[in-house]
There are 2 protein chains.
Amino acid sequence: MARMSSVDRRGELIHAALRVIAAKGVAGATTRAIVAEAGMSLASFHYAFTSRDEMMRELIAFVVENETNAVFAEIDFGRDIRETLRNGLQGYFLNVQADPGHEQVMFELLQYALRTPDLADLAREQYARYHAAVIELLHAAEKNANVVWSLPVEEIARTIVAITDGLTLAWLADRDSAASARVMDFAADSLARLATVSEPVRTKEHVL
Amino acid sequence: MARMSSVDRRGELIHAALRVIAAKGVAGATTRAIVAEAGMSLASFHYAFTSRDEMMRELIAFVVENETNAVFAEIDFGRDIRETLRNGLQGYFLNVQADPGHEQVMFELLQYALRTPDLADLAREQYARYHAAVIELLHAAEKNANVVWSLPVEEIARTIVAITDGLTLAWLADRDSAASARVMDFAADSLARLATVSEPVRTKEHVL
DNA sequence: GTCTATAAAGTGATAGAC
DNA sequence: GTCTATCACTTTATAGAC
């Protein structure tokens, strides 16, 4: 087989590992399954990585890094803040339904990280990134709808992440899409209450 | 070693397995680790269970069955519905903080069930029970605070389970107790809005 | 750098003595 | 019923030919 730079091979193995994990779970991602998926020999794995643990650490760092806010990025700002929130949540959820495996993998990797002492920092970072992504979104929504949040955005972001995680877990278990959609409606309503119409910037004579 | 009825030995092995899972995760719960914890020989395991899979199925059914609403059972009804909700959520969360391993095990078992085709029904049942337990609580709170819920209790229950699951996952990752507590306060406020003061049963002359 | 072959340890499950 | 010993297999990791 053709030569390949070390970084390329590492990346290729990580992507192959992610495909294997999606199909068979973390437990099924053996070095043999991964090299078979990548079309390499077993020895090539250990040429690229000193151990399976090392690869798993790099893999988790990779997914945490690349857990794009793609879902949120393509958010559809509606007429008001409630619609923005609703669109964001429903958009996220459509994505979960379209590719349930992806979120399941993220949950599995989170638990793997929580179980592996060396990887605890990655679990923390994973949530820091989720929260940061949502905070950014909340600021964008704030500007777009001309409102200000009456609670710290950190707090609102944590609530949104909790709702999406919780809804996703329950949906993965019972696949009740209708019930999940209604919960998101309620969540959007409740969160929208936290936005108050911002005073437009005016001169002093305009009081009330 | 003394003889033991088959059901006793199965129960003992399941409890030993739960201790092993708490300490080392589902992946670490090998038949050898389990019998070592239970103080039995490896052969005894296969005398009680035909296979490890059979035991895992029974173990999950057991924890789902016994995922008592203990947390919720000892709920402290406050002065009003908001306090009841707040006490319920904070009470649950104190329990998570006191024994983080327990919830982590529940999440791991959920994912194990989701990955094992034969066990998908157990995952569904797990959430059906969570939802049912919270619904029962919502009815109790309704009576206690003399209010009626303006949304179907199924919907409210799903929201509460989603919030608790989501908060627990984030807390397991970053251990930010203060932030979690604030989210629960907001959740209690939002949910309390769904309770409207119920019309006391009166005769017709009392209009408004 | 990439391969085959194999080492060393761990896995679930079973046979057969007692 | 309970044990020891072992089978058959899989795992990660490495040695050594090319």
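Note that these values count all heavy atoms, side chains included, but never hydrogens, waters or copies made by symmetry. None of these values were measured; they are calculated from a predicted model. By convention in this document, chain letters (A, B, ...) are assigned in the order of the sequence lines, proteins followed by strands, and residues within each chain are numbered from 1.
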Between side-chain atoms of residues 26-38 of chain B and protein atoms elsewhere (two or more places apart, or another chain), which donor-acceptor pairs fall under 3.5 Å?
from     : atom 1 : to       : atom 2 : distance (Å)
Thr30(B) : OG1    : Ala33(B) : N      : 3.1
Glu37(B) : OE2    : Arg19(B) : NE     : 2.5
Glu37(B) : OE2    : Arg19(B) : NH2    : 3.4

> Can you check whether Ser44(B) has a side-chain N or O nearer than 4.0 Å to OP1 or OP2 of dC3(D)?
Replying inline: yes
> Does anything in residues 159-168 of chain A pair up under salt bridge (Lys or Arg N to Asp or Glu O under 4.0 Å), and if so which pairs, sequence neighbours excluded?
Replying inline: none
Pairs under 3.5 angstrom, nitrogen or oxygen only, protein versus nucleotides 10-17 of chain C, please.
from    : atom 1 : to       : atom 2 : distance (Å)
dG12(C) : OP1    : Thr31(B) : N      : 3.2
dG12(C) : OP1    : Arg52(B) : NE     : 3.3
dG12(C) : OP2    : Thr31(B) : N      : 3.0
dG12(C) : OP2    : Thr31(B) : OG1    : 2.5
dG12(C) : N7     : Arg32(B) : NH1    : 2.8
dG12(C) : O6     : Arg32(B) : NH2    : 3.3
dA13(C) : OP2    : Arg52(B) : N      : 2.9

Under 3.5 Å, side-chain donor or acceptor atoms of residues 149-157 of chain A against the rest of the protein: list the pairs with distances, not counting sequence neighbours.
from      : atom 1 : to        : atom 2 : distance (Å)
Trp149(A) : NE1    : Leu138(A) : O      : 3.0
Ser150(A) : OG     : Leu194(A) : O      : 2.9
Glu155(A) : OE1    : Arg182(B) : NE     : 3.3

> side chain to side chain donor-acceptor pair (under 3.5 Å) with Ser180(A): which residues, sequence neighbours excluded?
Replying inline: Arg158(B)
>> Please enumerate all residues that pass ring pair (Phe, Tyr, Trp, His ring centres under 6.0 Å) together with His15(B), with sequence neighbours excluded.
In response: Phe62(B)
> Expressed in angstrom and rounded to an integer, what is the separation of Tyr47(A) atom OH from dT4(C) atom C1'?
Replying inline: 17 Å
